[in-house]
Amino acid sequence: MIPSVLPTYSRAPLTFVKGSGSWLIEADGRRFLDLGAGIAVNALGHAHPTLVAALTDQAQELWHVSNLYQIPQQQKLADMLVDLTFADTVFFTNSGTESCELAVKMARKYWFEKDAPERVEIITFDGSFHGRSSAGIAAAGSEKMTKGFGPLLPGFVHLPWCDHEALTAAINDKTAAILLEPVQGEGGIRPLPDQDLKALRDLCDEQGILLILDEVQCGVGRTGKLFAHEWAGIEPDIMMVAKGIGGGFPLGAVLATENAASGMTAGTHGSTYGGNPLGCAVGSAVLETVAKPEFLADVSRRAGTLRQSLEGLIAAHPDVFEEVRGSGLMLGLKCKASNIDVVNAGYDNEVITVPAADNVIRLLPALNITEDDIAEASKRLSAAAKQIEKTS
Ligand SMILES: Cc1ncc(COP(=O)(O)O)c(C=O)c1O
């Protein structure tokens, strides 16, 4: 008999009932060190007092009104994002894949309004992940995500990751945009080198096409800059955001320049919940904290400590781990043992990591993880590695 919850997830046998900072409490009382943060969502850890206050204060006032009316909390968050980034305008969604839907629509509408309706193709890359909506799976294009769900949304061209020649050759008079994650998350924590991102921006400028960045996983302070593309000193035309921006509340956004957003006039897009007062109150509280230069400097400092301890783990357990990669607190440990075995051994040792493609485990802790918790993470991951060494 089919379970009452549609069985699309393979879930670990863990039930967390409470969280605080970087710790999760299991129903049986065990305390787990959370290096996954709900897959890069709980940017400030669990039950951060500022976010709890923002949510509960707003909950006492007003939850939902609809985008038929003015929403001051939405206006405030949009103004902050515009002040802090390349963007001139923001649309709020509830998830990353909804941000992908709008990014694709926006790019196509841009060209339609520029009298080039044939420019519909969006170039994407192997290993990418943009969510599970029809546009999201067609954009990523992997068999795993698309098999059985045809006909797929047409107009996506898939290229190898980091292949500038293939990219240059693929651009033609049907190309609308290039879409990529500056640091691939699900694909195995694969950062695009800064010089490649710069070259991509130059290529888009030369060809007059739009650059769409998916910063759903790597954005909102995760790499030590507010958004990952800032490391390369470039700006996109359109950017997808979600996960960390809500700190655990379902919130996403599409940020765009005035030019890129020029086709999106009244009536062309909408969302019942996107930008509701609750989500935006929390989003503003997240951003007020994360965007502070001293907070971002701390992310880089903590990332340095964590990375160093992971290098130590590789040296101590060369049969289990082989490489650390990533940026800031978006780190991947490529495993020699099976990454799923490592994640499971982590559960046995009460530390949570997240598997990704390319036999990688992801470490995406709360951005405010303490130095003590980083030291504890290293101990627990080492215990997990020893457990694997014993059984192999
Ligand atoms: C880079 C990226 N884009 C899009 C998504 C989809 O986000 P959501 O699951 O909120 O729809 C994800 C989710 O993991 C992601 O990592």
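Order of appearance sets the numbers: ligands from 1, and atoms from 1 within every ligand.
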Undergrad: Identify the protein heavy atom lying closest to atom 11 (O) of ligand 1, giving its residue, its atom name and the separation to 0.1 Å.
TA: Thr97 N, 2.8 Å

Undergrad: With a heavy-atom distance limit of 4.0 Å, tell me whether Ser95 approaches ligand 1 through its side chain, its backbone, both, or neither.
TA: both

Undergrad: If only side-chain N and O atoms count, and only distance matters, is there a donor-acceptor pair under 3.5 Å linking Asn359 with Glu322?
TA: no

Undergrad: We want to know whether Gln217 and Glu181 form a side-chain donor-acceptor pair, criterion being a heavy-atom distance below 3.5 angstrom.
TA: no

Undergrad: Would you confirm whether any non-hydrogen atom of the protein falls under 4.0 Å from atom 9 (O) of ligand 1?
TA: no

Undergrad: Is a side-chain donor or acceptor of Glu215 paired with a backbone partner of Met240 at a separation under 3.5 angstrom?
TA: no

Undergrad: At a 4.0 Å threshold, what atoms of ligand 1 neighbour a non-hydrogen atom of Asp214?
TA: 1 (C), 2 (C), 3 (N), 4 (C)

Undergrad: Which of the atoms in ligand 1, numbered in the order shown and given with their element, are less than 4.0 Å from a heavy-atom of Glu186?
TA: 14 (O)

Undergrad: Using only atom types and a distance under 3.5 Å, with no angle test, would you say the side chain of Ser382 pairs donor to acceptor with the backbone of Ser378?
TA: no

Undergrad: Kindly confirm or rule out an N or O of Gly131 lying under 3.5 angstrom from an N or O of ligand 1.
TA: no

Undergrad: Of the protein's non-hydrogen atoms, which lies at the shortest distance from atom 4 (C) of ligand 1, and what is that distance?
TA: His130 C, 3.4 Å

Undergrad: Counting only heavy atoms closer than 4.0 Å, does ligand 1 sit against the backbone of Lys243, its side chain, both, or neither?
TA: side chain

